[in-house]
Amino acid sequence: MTLLVGLTGGIGSGKTTVAERFAALGAGIVDTDLIAHQLTQAEGEAIPALTEAFGSRCIGENGAMDRDKMRNLVFSDATAKRRLEKLLHPLIYAHAQVELRQLRHKPYVLVVVPLLSESSAFRELVQRVLVVDCSLDTQIARVIRRSNLSESQVRAIIARQISRLERLKLADDVLDNDADLASLDGKVSVLHEFYLKNVKQ
C-alpha cells in the first residue's frame with residue numbers, strides 16, 4: 001500500500017523546493033496548489049462557478065481567475081473566503097484522488113496541501129504529516145524575493161495563516177528549511193529513507 005504523507009508549511013517555507021527534492025528521489029507528488037491553478041486558469045473547470053459566485057470582477061482579461069483581486073477579497077470578507085473554499089476544495093480533492101490513483105506504483109506520495117490544518121478531508125487521507133519549517137525572517141525574505149508584495153503585505157498574509165506553533169503540533173515529521181540547499185538535500189534524503197522503511201513495515 002502506498003504511504004501518503006501530507007506536506008505542509010507556511011508561505012515562503014519552501015514547500016515546492018522540498019517537494020521537488022523528494023520527486024528527484026522517486027517520490028510521487030500531488031500538489032494541490034498546482035491543481036488549484038489548473039482549475040482557475042482560462043477555461044479551467046472552476047471558472048464558470050467562480051464567475052457565477054463572484055461575477056466578472058475576479059476574472060482577468062485573459063479569462064483566468066485574478067488571483068490578486070481574489071486574495072484581496074477573501075482577506076477582507078470572511079463570507080467570500082468560505083464561498084471560495086466551498087467551491088474549490090471539493091474540485092481540488094477530486095482531482096487529487098485522480099492523481100493519487102495514477103501514482104499507485106510509487107512507494108510513497110507527498111500530498112502538498114498548504115492549508116492542511118483547515119482540510120479535514122486531506123488530514124484523514126494521509127498517514128503522516130511533514131511540516132516544512134523556517135523562521136519568520138526567512139519566510140518574509142523569500143516571499144518578497146519571489147513576488148511584488150511589500151513586507152507589510154507578506155506579514156499580513158502570514159498573520160492570517162495558522163501560527164507556526166499550531167502547524168508544528170500537526171507534524172509527525174519536521175524539516176527545518178532555514179539553511180542552504182545542500183543542507184536541505186541531506187535532510188530530504190534521511191526522510192526519504194525513513195518513508196521507504198515505513199512502507200515496508
Task: Residues that His192 engages under ring pair (Phe, Tyr, Trp, His ring centres under 6.0 Å), provided they are two or more places apart - done: Tyr108
Task: Within-4.5 Å side-chain heavy-atom neighbours: Val30 and Val112 - done: no
Task: From CD (Gln161) to CD1 (Ile157), nearest 0.5 Å - done: 7.5 Å
Task: Note, Asn177 side chain near Arg142 side chain (heavy atom, < 4.5 Å) - done: yes
Open item on the list: Assigning hydrophobic clusters by single linkage (Ile, Leu, Val, Met, Phe, Trp, Tyr; side-chain heavy-atom cutoff under 4.5 Å), is Leu25 placed with Leu181?
Closed with: yes
- [ ] Using side chain to side chain donor-acceptor pair (under 3.5 Å) as the criterion, list what pairs up with Asp178, not counting sequence neighbours.
- [x] Ser135, Thr138
TODO: Would you list the pairs meeting ring-ring contact (aromatic ring centres under 6.0 Å, His included) in which at least one residue belongs to residues 114-160, sequence neighbours left out?
DONE: Tyr93-Phe122
Task: In one Ile/Leu/Val/Met/Phe/Trp/Tyr side-chain cluster, 4.5 Å: Leu175, Leu116 - done: no
Open item on the list: Considering only residues two or more places apart or on different chains, which pairs with a residue in residues 47-62 satisfy side chain to side chain donor-acceptor pair (under 3.5 Å)?
Closed with: none
Going by atom type alone, with no hydrogens or angles, which donor-acceptor pairs under 3.5 Å involve a side-chain atom of residues 37-44 and a protein atom two or more places apart or on another chain?
residue, atom, partner, partner atom, Å
Thr40, OG1, Ala36, O, 2.8
Thr40, OG1, His37, O, 3.4

Open item on the list: Does anything in residues 110-119 form a side chain to side chain donor-acceptor pair (under 3.5 Å)? List the pairs, not counting sequence neighbours.
Closed with: none
Open item on the list: Donor-acceptor pair, distance only, cut-off 3.5 Å: does the side chain of Lys81 make one with the backbone of Phe75?
Closed with: no
Task: From Ile35 atom CD1 to Asp33 atom CG, the distance as rounded to the nearest 0.5 Å - done: 9.5 Å
TODO: Starting at CD of Glu124, measure out to OG of Ser120 and round the result to the nearest 0.5 Å.
DONE: 5.0 Å
Task: CG on Leu87 to CZ on Arg82, rounded to 0.5 Å - done: 14.5 Å
Taking only distance into account, with no hydrogens and no angle test, what donor-acceptor pairs under 3.5 Å do side-chain atoms of residues 8-23 form with protein atoms, sequence neighbours excluded?
residue, atom, partner, partner atom, Å
Thr8, OG1, Val113, O, 2.9
Thr8, OG1, Pro114, O, 2.9
Ser13, OG, Gly10, O, 2.8
Lys15, NZ, Gly9, O, 3.2
Lys15, NZ, Gly10, O, 3.1
Arg21, NE, Asp185, OD1, 2.8

- [ ] Indicate yes or no: at least one non-hydrogen side-chain atom of Leu103 is less than 4.5 angstrom from one of Thr2.
- [x] no
- [ ] Kindly indicate, with the supporting measurements, whether the criterion side-chain contact (heavy atoms from CB on, under 4.5 Å) is fulfilled by Asn198 and Gln127.
- [x] CA-CA 11 Å; Asn198 201 284; Gln127 286 89 52; over 6 Å; no
Task: Donor-acceptor pair, side chain of Arg104 and main chain of Arg101, under 3.5 angstrom - done: yes
Open item on the list: If you compare all heavy atoms of Pro107 against all heavy atoms of Gly26, which two are closest, and at what distance to 0.1 Å?
Closed with: CD-O, 4.4 Å
Open item on the list: Counting C-beta onward and ignoring hydrogens, is there a side-chain heavy-atom pair between Leu125 and Leu100 closer than 4.5 Å?
Closed with: yes
Open item on the list: Assigning hydrophobic clusters by single linkage (Ile, Leu, Val, Met, Phe, Trp, Tyr; side-chain heavy-atom cutoff under 4.5 Å), is Leu7 placed with Phe194?
Closed with: yes
Task: Flag side-chain contact, heavy atom, 4.5 Å: Leu136 against Ile158 - done: yes
Open item on the list: So, using side chain to side chain donor-acceptor pair (under 3.5 Å) as the criterion, who are the partners of Lys69 when residues are at least two apart?
Closed with: none
- [ ] Give the minimum heavy-atom separation between Val131 and Arg167, together with the two atoms involved.
- [x] CG2-O, 3.5 Å
TODO: To the nearest 0.5 angstrom, please state how far the CG atom of Leu130 sits from the CG atom of Asp172.
DONE: 9.0 Å
Task: Between CG on residue Leu149 and CG on residue Asp68, distance to nearest 0.5 Å - done: 7.5 Å
Open item on the list: Any non-hydrogen side-chain atom of Leu3 less than 4.5 Å from a side-chain atom of Leu196?
Closed with: no
Open item on the list: The criterion is side chain to side chain donor-acceptor pair (under 3.5 Å); which residues satisfy it with Arg164, sequence neighbours excluded?
Closed with: Asp133
Open item on the list: Could you report the tightest heavy-atom contact between Val109 and Ile29, atom names first, then the distance?
Closed with: CG1-N, 4.2 Å
- [ ] Compare all side-chain heavy atoms of Val5 with those of Val111 and state whether any distance is below 4.5 angstrom.
- [x] no
Open item on the list: One pair to check against side-chain contact (heavy atoms from CB on, under 4.5 Å): Val188 and Leu191. What are the steps and the verdict?
Closed with: CA-CA 5 Å; Val188 168; Leu191 277 170; 5.9 Å; no
Open item on the list: How close do Leu73 and Cys58 get, counting heavy atoms only, and between which atoms?
Closed with: CD2-SG, 4.0 Å
Open item on the list: Quick check on the hydrophobic clustering: are Val74 and Ile92 connected, directly or via other members, by side-chain heavy-atom contacts under 4.5 Å?
Closed with: yes
- [ ] With sequence neighbours excluded, give me every side chain to side chain donor-acceptor pair (under 3.5 Å) pair touching residues 143-154.
- [x] Ser150-Ser152, Ser150-Gln153, Glu151-Arg155
- [ ] Check side chain to side chain donor-acceptor pair (under 3.5 Å) between Arg123 and all other residues, then give those that pass, not counting sequence neighbours.
- [x] none
Open item on the list: Is the terminal nitrogen or CZ of Arg83 (NZ for Lys, CZ for Arg) located under 6.0 angstrom from the six-membered ring centre of Phe54 and within 45° of that ring's axis?
Closed with: yes
TODO: Report the residues that fulfil salt bridge (charged side-chain N to carboxylate O under 4.0 Å, His left out) with Glu166, sequence neighbours left out, ordered by chain and then residue number.
DONE: Lys169
